[in-house]
Amino acid sequence: MKHPLKRYLAVATALISASAMWAITLEPGKFRIVVPAEAPSPVKLAAKSVARDFGKVMHWIPDVDSAPSADMVNIRVAIPTDGSPVRRLDGFESHRVYVDGNDIVLAGKDMRGAIYALYTFSEKVLDVPPLWYFSSWVPEYRSTIEIPDAYDCLAKSPEVRFRAWFPNDEDLLNPWREKSPQNDEMWLEAMLRLKLNTVEFGPTVTYPDYKMSHNADLLRKYGLVLTSHHMVGLNNSFANWEKYWEQVRGIKAPELKLANLDAMKEFWAYNIETIMRNDQENLWQIAFRGRTDEPFWNIFPDSPKDEKERAAVINRMVRIQYDMIREATGEDDPFVRMTFYDELSDLLAKGYLEPPAASNMLWTFVAGRRDHYPYDDLVNYDFSKPMQLGYYMNLQFTSTGAHLAPAESPWKMEQNYRYVASRGPLRFSVVNAGNIREFVMEMSANAAMMWNMEAYDTDSFLKSFCAQYYGDEFADDIAGLYRDYYNAYWLQRPSEFPGMDRQFIFQDLRHAQVLNQVLRRFDDFSSNPLVDIGFERVKGRSFRLTTDNQVDEIISGMEQSSPRFRAVAERCDEMNRCLPASRQRFFYDNLSCYAHYMASLSDGVGHFLKAYRGDDAPAEHLVAARRSLKDARSALLSSQHGVFDTWYDTDRLFNLNEKIEAIDRLIAR
């Protein structure tokens, strides 16, 4: 005879199993999305996006209403601040998706928490990936969707409070955004789907009527935080100094002099008032720099010459700005950041700069210029004052970094941020993302790490990313291809920073600079034809070469990297033939394209320098260089399709067409 207790346990187990098998079924016409009438407009916008997601997956778009229906399954958006009862949530931006009776609840601690709950539901239940607009995603049709009654997905508050993208050098992005309203805004939706919350822009204050720029308006529409570029203080820069006085005050602008402090305070007050009037959620940036990305002493004629005195000026000016923010907001300890870039980094490293220190003051350190790793100011600083840390890392760089192809790997990104977090509490992150499309995988990795640094691991993230976009069957192999792609770049000098194995990388804009500079002096051979670029504050940093023969060194580097990229490209071609048709497009766009491009670009630069050096048959090397650069261009153009069908039409920073035409002229001569 079976023991009574065992019989009871068997019955209980059967009941639990039966209960676990019960599910809510979503069928066209039998459910709706319910958003409280008083919910913030960005939440309602996200709800409409999820309704659109249903349309792609189920070929039916549910209503988005403010009232539940007793005859339907209600997918209810709930925020505790509106009085909606929800299961336990964590702090800011936490969210939860769970089944409650015959309803599905999408609960958020606050506005963005509710937005994240909506997009979490879309990703985990509808299988809509965050990068759907960028990945040529092909939805799998589902006539019904079942959700177990025990479904409960809780996301606690993120570790990093402000998680930002900085679109920069938008030679491709801005013309593309102008082509359609969707292009203009979909990258912001992608940010929210990845659970980012902040965008960094340049000046966003306009004249004369306290209005803000189109970009700032879009951030309010989507519920994102605005912050400013490191050359911009209080959402504006001295590049707009004359416009303020002429368009707002109707008078000639006073001279930009340190002695005209009252005029500067009036200029700053207008900027602050504009932010406040527009109810802009703003992470304030204090800064005292020039008109553009330059030191203030370049434009103020009464600037001191001594570094300590220059630092004292900056210390005084940013303290004034900080106090003005406190007075305008009524907050004793507002969230404010200051970015230590270029000359500010140098002055801080020397101990001359003394930014305001407070518990919500975010000291934002910047990865080393051109090669991206924690710089001396961060490494050597004594963090004894009360502040929290921010970090600005370039996934691309204006003149010498990655631009048309990614180069700074997610492993390097993790190494950077692990070091920063070891120095103090990290509360702000921004990655310089260039034109965005080239770096969507790396930016996805950054978003995942900033939400949960403790659990994040790049290897695990990449396998998950590959499974989501290419399928479980191929995830491990494709993750290996990504790693081999990054490892194919030529490292022109050994790493110096402890624990960073790929500190110095010869990215594609460094290739472009070699072509630019040698083309200008092709008939005047020198074994060292390259010079530093622009306002280079550290000699030799533009290229980071190690020998006294630049030409031979780069030719050797190209002979190393080109075959490695070519091997990755060939394996990508093999993999693409194995992938389902729906996965092939994004695999080419996000990896295979760049492997082909870098293989041909490296080969082209090598042949070009051999012709310049005067190797045997220099004309043949020029022909080979032209052929390789055309192959590089073809690899990129092959990724143009759909909404990206004209993506490279406005390439002006690399300007591959111009370089091919210049070599054509050399061949013709």
Side-chain angles (χ1 to χ4, degrees), residues 38-45 81 92 110-112 115 161-162 164 166 184-185 188 191-192 197-251 253-254 260-289 291 317-339 356 358 360-362 428:
E38 63 274 17
S41 57
V43 175
K44 295 176 181 177
L45 180 64
T81 53
F92 72 98
D110 45 32
M111 176 188 69
R112 270 188 300 276
I115 293 171
R161 188 176 189 98
F162 299 101
F166 172 35
D184 193 27
E185 301 183 17
L188 300 172
M191 288 186 67
L192 290 167
N197 66 1
T198 304
V199 179
E200 182 173 302
F201 280 128
T204 49
V205 171
T206 67
Y207 307 121
D209 49 2
Y210 293 98
K211 295 291 174 60
M212 299 195 70
S213 69
H214 170 68
N215 281 332
D217 291 343
L218 284 182
L219 298 197
R220 286 197 302 279
K221 177 179 178 179
Y222 279 84
L224 289 157
V225 182
L226 170 65
T227 195
S228 298
H229 182 259
H230 51 67
M231 72 180 187
V232 175
L234 305 176
N235 299 75
N236 210 343
S237 79
F238 289 124
N240 293 321
W241 175 257
E242 284 78 14
K243 287 183 181 179
Y244 168 74
W245 295 99
E246 293 166 5
Q247 297 182 20
V248 177
R249 293 291 308 280
I251 61 176
N260 285 335
L261 179 58
D262 287 342
M264 283 189 281
K265 290 172 71 174
E266 179 180 330
F267 176 69
W268 293 334
Y270 177 89
N271 300 332
I272 294 172
E273 178 67 15
T274 300
I275 299 295
M276 303 295 289
R277 288 193 184 193
N278 284 270
D279 196 25
Q280 176 70 56
E281 188 176 2
N282 192 60
L283 173 55
W284 300 95
Q285 165 101 303
I286 53 176
F288 192 70
R289 302 194 71 210
R291 291 183 183 274
M317 296 301 182
V318 297
R319 169 54 70 177
I320 291 170
Q321 293 176 11
Y322 183 71
D323 290 341
M324 291 177 71
I325 293 168
R326 293 174 63 200
E327 181 178 358
T329 62
E331 299 177 42
D332 185 56
D333 189 15
F335 280 107
V336 178
R337 58 184 283 244
M338 183 171 177
T339 304
N360 287 333
M361 183 71 202
L362 308 177
F428 171 79

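Given the structure is predicted, the values throughout are model-derived calculations rather than measurements. Computation of the quantities below employed the complete heavy-atom set of this structure, encompassing side-chain atoms and omitting hydrogens, waters and symmetry-equivalent molecules.
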Before we go on, tell me: are the rings of [X] and [Y] under 6.0 Å apart, centre to centre?
| X | Y | answer |
| --- | --- | --- |
| F335 | W284 | no |
| F166 | F201 | no |
| Y207 | Y270 | yes |
| F288 | F238 | yes |

Kindly indicate whether the side chain of [X], heavy atoms from C-beta on, has any atom under 4.5 Å from the side chain of [Y].
| X | Y | answer |
| --- | --- | --- |
| D110 | F92 | yes |
| L261 | M317 | yes |
| M111 | V43 | yes |
| D332 | R326 | yes |
| V199 | T227 | no |
| M361 | R337 | no |
| I286 | V336 | yes |
| D323 | R319 | yes |

Counting N and O atoms only, with roles assigned by atom type, does the side chain of N240 sit under 3.5 Å from a partner on the main chain of N236, one being a donor and the other an acceptor? no
Just how far is it from atom [atom1] of [X] to atom [atom2] of [Y], taken to the nearest 0.5 Å?
| X | Y | atom1 | atom2 | answer |
| --- | --- | --- | --- | --- |
| I320 | I325 | CD1 | CD1 | 12.5 Å |
| E327 | I272 | CD | CD1 | 9.0 Å |
| M212 | T204 | CE | OG1 | 3.5 Å |
| T206 | H214 | OG1 | NE2 | 13.0 Å |
| S41 | R220 | OG | CZ | 10.0 Å |

Does D209 CG have over 12 foreign heavy atoms under 6.0 Å away? yes
Using a 6.0 Å cut-off, check whether atom CD of E331 has over 12 heavy atoms from anything other than its own residue. yes
Ionic contact status for K221 with D217, cut-off 4.0 Å: no
For E281, is there an ion pair with R112 - N to carboxylate O distance below 4.0 angstrom? yes
Within 45 degrees of the axis of the six-membered ring of F428 and under 6.0 Å from its centre: does R161 put its NZ or CZ there? no
From CA spacing to verdict: side-chain contact (heavy atoms from CB on, under 4.5 Å), E266, R249: CA-CA 11 Å; E266 179 180 330; R249 293 291 308 280; 2.4 Å; yes
Looking at L283, L218, N235, which hits side-chain contact (heavy atoms from CB on, under 4.5 Å) with L226? N235
Using a distance-only test with no angle check, is there a side-chain donor-acceptor pair under 3.5 angstrom linking [X] and [Y]?
| X | Y | result |
| --- | --- | --- |
| Q285 | T339 | yes |
| Y222 | E185 | yes |
| R291 | S237 | no |

Minimal non-hydrogen separation, Y210 against R277, with atom names: CD1-NH1, 3.1 Å
Work out which heavy atom in A287 is nearest to a heavy atom in H230; give both atom names and the distance. CB-O, 4.0 Å
CA sep, side-chain torsions, deciding dist, call: Y322, M338, side-chain contact (heavy atoms from CB on, under 4.5 Å): CA-CA 10 Å; Y322 183 71; M338 183 171 177; over 6 Å; no
